[in-house]
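In what follows, chains are A, B, ... by sequence order, proteins preceding strands, each numbered from 1.
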Amino acid sequence: MASFSLPSSPPLLSKPKDPFSHAFPHPPPFLLRMPHQPQHLQTPLLLPKIQSSRHQTTATPVTKDLWDNSILKSETPVLVIFYANWCGPCRMVHRIIDEIATEYAGKLKCFIVNTDTDMQIAEDYEIKAVPVVLLFKNGQKCDSVIGTMPKEFYVAAIERVLKS
Amino acid sequence: MTTQASAFSLGVPSVATPFRRHRNPVTVRARAEPSDKSVDIMRKFSEQYARKSGTYFCADKGVTAVVIKGLADHKDSLGAPLCPCRHYDDKAAEAAQGFWNCPCVPMRERKECHCMLFLTPDNDFAGDEQAITLDEIKESTANM
């Protein structure tokens, strides 16, 4: 399966025009919508409720305890984004993934992992630079995207996984 | 004397107060926020380094603001502005080693900043600014 990690080149696709047409459906300046609250992710049992208070279908926080059931045993394909508390671009990608979670509801489950609090998962998957997006199907990791990409890049990767 | 009185006059932002330390417990208690002092140090560093390297902040300055706060947080906790856009097994060891202290080696050698703090003008995400105010940082990270 193709992998789209780009370790040696800048993690941005070159698109000549209108780079924010997909990444920024809203005007860009200053107000990042931040559905995840880094300081409050340490209570796994409460997380789904907190998360769903905003949207029914956004990326759901997942921890080590829930990993096997949520990701590896999932019957539908799974997308996981790894982020760090103070990583600015992670928030951009998180926003994109939240949109994707809504658009692919029922076909793809989306989760987020805080690498600052869930170090074990980060180490298991050898996460270094964040954000990282991993795609799983039938319990197998089948694609990874490192860095910040335009939305259609993630969508293309997802489509490949869904069709495989 | 009068200095005491002015030091406790709340609500008036005192200019150049020598009693800054007294305010720290309040911010520390609130949440794991970096100190104002470190945020401002990293803000100024970012502006200077952008100009020096000919790079620009992200068009979405919310990204810039979060990264500057992340650098300040690491400066407070580790003594060095370790890159906030990586995962480390051992942050203290990494900060001591120095490779990922801002500006990191890839930035200094090749102008590569995957944290999107310093973007070359040809980057799609680059804006056209090399300055960010403390207010902008506070505003865009207020609801975190």
Legend entry - Best-contacting candidate, A:Asp116, A:Val130, A:Ile127, against chain B by heavy atom pairs under 4.5 angstrom: A:Val130
Legend entry - Hydrophobic cluster membership, B:Met42 vs B:Trp100, 4.5 Å side-chain cutoff: no
Inset, instruction - Name the region of B:Asp73, side chain, backbone, both or neither, that has any atom closer than 4.5 Å to a heavy atom of chain A. - result: side chain
Inset, instruction - Determine the minimum heavy-atom distance between A:Pro89 and B:Val67, stating which atoms define it. - result: CD-CG2, 4.1 Å
Legend entry - Non-hydrogen atoms of B:Pro84 and A:Trp86 that approach each other most closely: CB-O, 3.4 Å
Inset, instruction - Report yes if the side chains of A:Met92 and B:Val66 come closer than 4.5 Å at any heavy-atom pair, otherwise no. - result: no
Inset, instruction - Determine whether A:Val132 and B:Tyr88 fall in the same hydrophobic cluster, where Ile, Leu, Val, Met, Phe, Trp and Tyr are linked whenever their side-chain heavy atoms lie under 4.5 Å apart. - result: no
Inset, instruction - Examine B:Ile41 and B:Phe118 and state if one hydrophobic cluster contains both, with Ile, Leu, Val, Met, Phe, Trp and Tyr joined whenever side-chain heavy atoms are less than 4.5 Å apart. - result: yes
Inset, instruction - With a 4.5 Å cut-off on heavy-atom pairs, point out which of B:Arg86, B:Lys111, B:Lys69 contacts chain A the most. - result: B:Arg86
Legend entry - Side-chain touch A:Arg95/B:Asp60, heavy atoms, less than 4.5 angstrom: yes
Legend entry - Which atom of B:Asp89 lies closest to which atom of A:Met119, heavy atoms considered: O-CE, 3.7 Å
Legend entry - Within 6.0 angstrom of B:Lys44 NZ, more than 12 heavy atoms from elsewhere: no
Inset, instruction - Treat each ILVMFWY residue as a node, draw an edge where side-chain heavy atoms are under 4.5 Å apart, and state whether B:Leu134 and B:Tyr49 are in one component. - result: yes
Inset, instruction - Examine B:Tyr56 and B:Leu117 and state if one hydrophobic cluster contains both, with Ile, Leu, Val, Met, Phe, Trp and Tyr joined whenever side-chain heavy atoms are less than 4.5 Å apart. - result: no
